[in-house]
Amino acid sequence: MIAFVSGRVAAAGPDGAVIDVHGVGLAVQCTPATLAGLRVGDEAKVPTSLVVREDSLTLFGFADDDERTVFELLQTASGVGPRLALAMLAVHTPNALRRAVTTDDTAALTKVPGIGKKGAQRIVLELKDRLGGPTGDDAGDLRAPARAEPWREQVQMGLVNLGWSAKDADAAVDAVAADLDGGPTPPVAALLKSALKKLSK
């Protein structure tokens with residue numbers, strides 16, 4: 001219905017942005033990675049997917065058309081709604097999700113909050129023929145993508161968008177990284193919240 005929105009970024013928060021489209025502020029729910037690419041005051045074109053419910057109309061925004069396509073395909077699996085699909089894209093890139101499904105990597109899927117082992121197995125079973133294999137530069141690499149460090153830039157950009165200085169954002173990111181100490185990396189949304197807590201102390 002609404003394929004994209006184009007306008008000035010009026011506001012950005014931890015889980016969404018407001019795009020000013022000819023004087024109308026459209027609230028768009030986004031992944032942290034998508035939000036990291038949106039700067040308040042800049043013009044932006046955001047691919048979107050409109051989810052219609054009896055009591056709500058929710059606009060979800062994405063970094064590109066591929067992310068939107070995967071978001072919509074994920075919801076064709078039983079038990080996967082828009083919130084869970086967005087959470088999956090917050091933890092994994094579209095190609096990482098394709099890779100997890102094509103290689104039966106249920107462990108990767110259970111890293112998403114809200115997905116247990118049985119749910120992951122069902123998603124693999126139902127989406128294997130629909131999602132297809134990885135595309136583009138990642139197509140030949142069936143290992144997990146190197147996303148250990150890209151979260152730093154995403155969190156830093158998110159903090160800057162929320163009004164913190166680059167210096168404060170860098171310090172908060174370093175503090176969060178020190179807390180991880182080589183352990184598993186939580187979703188970017190969780191890392192952003194941790195960084196905000198450190199800045200609010």
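One-based numbering along the sequence shown.
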Query raised in the report: Which is it for K198 and L159 under the side-chain contact (heavy atoms from CB on, under 4.5 Å) test, yes or no, and what are the steps along the way?
Result: CA-CA 11 Å; K198 293 189 180 298; L159 294 171; over 6 Å; no
Report task. Any chance you could lay out the side-chain contact (heavy atoms from CB on, under 4.5 Å) test for F62 and V28, step after step, and finish with the verdict? Result -> CA-CA 9 Å; F62 307 95; V28 183; over 6 Å; no
Report task. Show your working on side-chain contact (heavy atoms from CB on, under 4.5 Å) between E67 and T31 and close with a plain yes or no. Result -> CA-CA 10 Å; E67 201 173 71; T31 65; 4.1 Å; yes
Query raised in the report: Given Q154 and L191, is the side-chain contact (heavy atoms from CB on, under 4.5 Å) satisfied, shown in steps?
Result: CA-CA 10 Å; Q154 292 168 8; L191 293 165; over 6 Å; no
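The structure places CD1 of I123 at 7.5 Å from CG of L74, a figure rounded to the nearest 0.5 Å. The CD atom of Q29 sits 12.0 Å away from atom OG1 of T34, with the distance rounded to the nearest 0.5 Å. Interatomic distance, CD1 of I115 versus OG1 of T110, reported as 8.0 Å (0.5 Å rounding).
For K128, the NZ atom sits in a packed shell: over 12 heavy atoms of surrounding residues, nucleotides or ligands are nearer than 6.0 Å. In R39, the CZ atom is not crowded: 12 or fewer heavy atoms of neighbouring residues, nucleotides or ligands sit closer than 6.0 Å. Heavy atoms of other residues, nucleotides or ligands lying less than 6.0 angstrom from CG of D42 number more than 12.
In this structure, D66 and P94 approach most closely via the heavy-atom pair OD2-CB, 3.5 Å. Residue A10 comes nearest to V40 through the heavy atom pair O-CG1, 3.8 Å, listed as atom of the first residue, atom of the second, then distance. The two atoms that bring L192 and P14 nearest to each other are CD2-CA, 4.0 Å, heavy atoms only. Annotation for A85 and Q75: closest pair CB-CG, 4.0 Å, computed over non-hydrogen atoms. Shortest non-hydrogen contact noted between V21 and V5 is CG2-CB, 4.2 Å.
Residues L26 and I2 share a single hydrophobic cluster, defined by chaining ILVMFWY side chains whose heavy atoms lie under 4.5 Å apart. F4 and F60 sit in two unconnected hydrophobic clusters of ILVMFWY residues. Membership requires side-chain heavy atoms under 4.5 Å apart, directly or through other members. Side-chain heavy atoms closer than 4.5 Å link hydrophobic residues (I, L, V, M, F, W, Y) into clusters, and following such links, even through other members, never connects V46 to V18. Cluster membership check: I19 shares its hydrophobic cluster with L57, using side-chain heavy-atom separations under 4.5 Å among Ile, Leu, Val, Met, Phe, Trp and Tyr.
Listed by first and then second residue, the side-chain hydrogen bond (donor to acceptor under 3.5 Å, both in side chains) pairs involving residues 43-58 are S49-E72 (not counting sequence neighbours).
Side chain of R130 to main chain of L73: no donor-acceptor pair is present (N/O by atom type, distance under 3.5 Å, no hydrogens or angles). Judged by distance alone, with hydrogens and angles left aside, the side-chain atoms of R68 form a donor-acceptor pair with the main-chain N or O of A3 at under 3.5 Å.
A salt bridge is absent between D170 and K167: the closest approach of a Lys/Arg side-chain nitrogen to an acidic carboxylate oxygen does not fall below 4.0 angstrom.
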